[in-house]
Amino acid sequence: MKTLNHLLLALLVIMAATSLAACRDKEKSDAEEQPHVIRSNDELRRSVSDTLDIVQQQKNVLTVLTGEVNDAMDEIARIEQIIDSADASQLSSNKRSKLRNDILLMKNNIQEKRKKLTEIESALGGGIDEQNESSIMQNISNLRQQLDLQKLMLNHISARLHATSKTSKAPSAIADSTHVAKQLTEAAQNVQQEDIKQKEQRDMLADELNECYYVIGTRDELKNHKIIDSEFIKKTKVMQSGNLLMSYFTKADKRTLNEISIPGNTVTLLTNHDPQSFVKEETDNMTVIKILDASLFWEYSNYLVVQIE
């Protein structure tokens with residue numbers, strides 16, 4: 001009997017030692033793996049943070065460039081005012097030389113800004129999301145157009161100075177001034193047309209994003225027009241948008257659709273809309289759905305299906 005007890009005791013000691021060793025091995029494995037996991041998470045956070053920093057830096061540079069371009073336009077207007085305020089041919093040689101130097105400096109600045117825009121454009125990609133990239137590219141395009149216009153304006157001013165100088169009133173100089181003026185007019189028209197085109201595209205996109213549709217009908221009408229499917233017991237399901245008969249819906253704009261008047265007082269919204277985004281007001285034989293928060297109301301779907309009795 002004592003021998004059996006000794007064997008059992010030895011067995012328990014071996015099992016305890018084995019369990020303790022396994023726990024230590026697991027702790028060691030976890031300890032070795034944990035720095036790797038932490039390191040991976042830190043690297044991911046740094047990568048995301050670095051990408052956001054790059055995007056913000058690019059936007060900051062573009063903001064500075066936009067301010068400088070606007071300042072340059074003010075400076076061009078100042079030079080034009082000097083020339084327009086008096087007969088340019090009566091300007092002193094020192095004043096004329098100063099204007100030429102100012103124009104040359106501004107042209108050099110335009111070249112520097114072009115190089116900076118090219119550098120920003122080349123740096124795009126590498127994890128920048130599509131929306132930020134599109135916004136930055138649009139900003140770059142607008143700035144390049146303004147720089148093109150400024151260069152033509154400066155050429156026009158230079159030609160006017162040359163054409164009105166005391167020592168040179170040759171027909172060729174006047175012709176050059178006229179040619180530059182024509183280029184300037186065409187460039188300004190192109191910029192204006194591009195602005196109009198971009199505005200139309202923005203308006204069209206905004207209209208598409210704010211399209212919404214609603215339909216009002218009895219249960220049978222909605223089912224006959226394949227708006228709902230009530231084959232399930234005590235359950236009504238609104239069909240997917242791809243299967244809807246769109247001619248039965250009324251098209252509207254989320255920005256202007258503030259309320260919908262519905263005949264009757266038994267009105268049920270079959271589509272999903274946040275209860276905080278609207279109220280139902282009942283009057284004699286009429287129910288009015290008033291949309292309080294359009295973005296919240298249309299958050300889950302661009303479709304509103306209303307069932308009446």
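All values derive from a computational prediction rather than experimental measurement. FYI, side chains are in, hydrogens and waters are out, and symmetry mates aren't considered; it's all heavy atoms of this structure. The residues of the chain are indexed from 1 along the displayed sequence.
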Requested in this report: In sequence, state the C-alpha distance, the side-chain angles, and the governing distance for I291 and W298, and then conclude on side chain to side chain contact (heavy atoms under 4.5 Å, CB included).
Outcome: CA-CA 10 Å; I291 300 175; W298 300 105; 4.2 Å; yes
Query raised in the report: Passes side chain to side chain contact (heavy atoms under 4.5 Å, CB included), R144 versus T118? Steps please.
Result: CA-CA 10 Å; R144 278 179 173 151; T118 301; 3.6 Å; yes
Query raised in the report: Which is it for K254 and N302 under the side chain to side chain contact (heavy atoms under 4.5 Å, CB included) test, yes or no, and what are the steps along the way?
Result: CA-CA 9 Å; K254 299 175 187 178; N302 291 327; 2.6 Å; yes
**Report entry** Worked verdict on D102 versus K98 for salt bridge (charged side-chain N to carboxylate O under 4.0 Å, His left out)
**Finding:** CA-CA 6 Å; D102 290 343; K98 174 67 167 56; 2.9 Å; yes
Report task. Start with the C-alpha gap between K113 and L143, add the side-chain angles, then the distance that decides, and say whether side chain to side chain contact (heavy atoms under 4.5 Å, CB included) holds. Result -> CA-CA 9 Å; K113 290 182 177 65; L143 285 172; over 6 Å; no
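Here the rule is side chain to side chain donor-acceptor pair (under 3.5 Å) with R78, and of E80, E75, Q81 only E75 fits it.
Minimum interatomic distance between N285 and N265 (heavy atoms only, all atoms of both residues): N-OD1, 3.6 Å. Taking every heavy atom of both residues into account, T287 and G264 meet most closely at OG1-O, 2.7 Å. When every heavy atom of R219 is checked against every heavy atom of I228, the shortest pair comes out as O-CD1, 3.8 Å. Minimum interatomic distance between V305 and T271 (heavy atoms only, all atoms of both residues): N-OG1, 3.1 Å. Considering all non-hydrogen atoms of both residues, M286 and I262 come closest at SD-O, 3.0 Å. Across K151 and I110, no two heavy atoms sit closer than the pair N-CD1, 3.8 Å.
Side-chain contact check for I308 versus T218: some heavy-atom pair is nearer than 4.5 Å. Counting heavy atoms from C-beta on, the side chains of I289 and Y214 never come closer than 4.5 Å. Counting only heavy atoms from C-beta outward, the side chains of L269 and K280 approach each other to under 4.5 Å.
The distance from atom CG of L65 to atom CG of N70, rounded to the nearest 0.5 Å, is 11.0 Å. One finds the CG atom of L147 at 11.0 Å from the CG atom of N142 (value rounded to the nearest 0.5 Å). In this structure, D71 CG and T66 OG1 are separated by 11.0 Å, a value rounded to the nearest 0.5 Å. Put simply, CG on D293 and CD on E299 are 9.0 Å apart, with the number rounded to the nearest 0.5 Å. The line from NZ of K107 to CG of N155 is 4.0 Å long, rounded to the nearest 0.5 Å. One distance of note links CD of Q150 with CE of M106; it measures 6.0 Å at 0.5 Å rounding.
Under the 4.0 Å criterion applied to side-chain N and carboxylate O atoms, K116 and E68 are not assigned as salt-bridge partners.
In terms of hydrophobic clustering, with Ile, Leu, Val, Met, Phe, Trp and Tyr side chains grouped at heavy-atom distances under 4.5 Å, I76 and L105 are assigned to different clusters. Hydrophobic clustering of Ile, Leu, Val, Met, Phe, Trp and Tyr side chains at less than 4.5 Å, counting indirect connections, keeps V267 apart from L270. The hydrophobic cluster containing V306 does not contain Y213, counting ILVMFWY residues as joined when their side-chain heavy atoms lie under 4.5 angstrom apart, directly or transitively. Placement of Y248 and I216 in two distinct hydrophobic clusters is found when ILVMFWY residues are connected by side-chain heavy-atom separations under 4.5 Å, directly or transitively. At a threshold of 4.5 Å between side-chain heavy atoms, the hydrophobic network of Ile, Leu, Val, Met, Phe, Trp and Tyr places L296 and I260 in two separate groups.
Checking N108 against E112 by side-chain atom types alone, no donor-acceptor pair falls below 3.5 Å.
In this structure a side-chain-to-backbone donor-acceptor pair under 3.5 Å is missing from S141 to M137.
Using a 30° and 60° split on the angle between ring planes, F249 and Y303 fall in the perpendicular class, above 60°. Using a 30° and 60° split on the angle between ring planes, F297 and H273 fall in the parallel class, below 30°.
Around NZ of K95, the count of heavy atoms belonging to other residues, nucleotides or ligands within 6.0 Å does not exceed 12.
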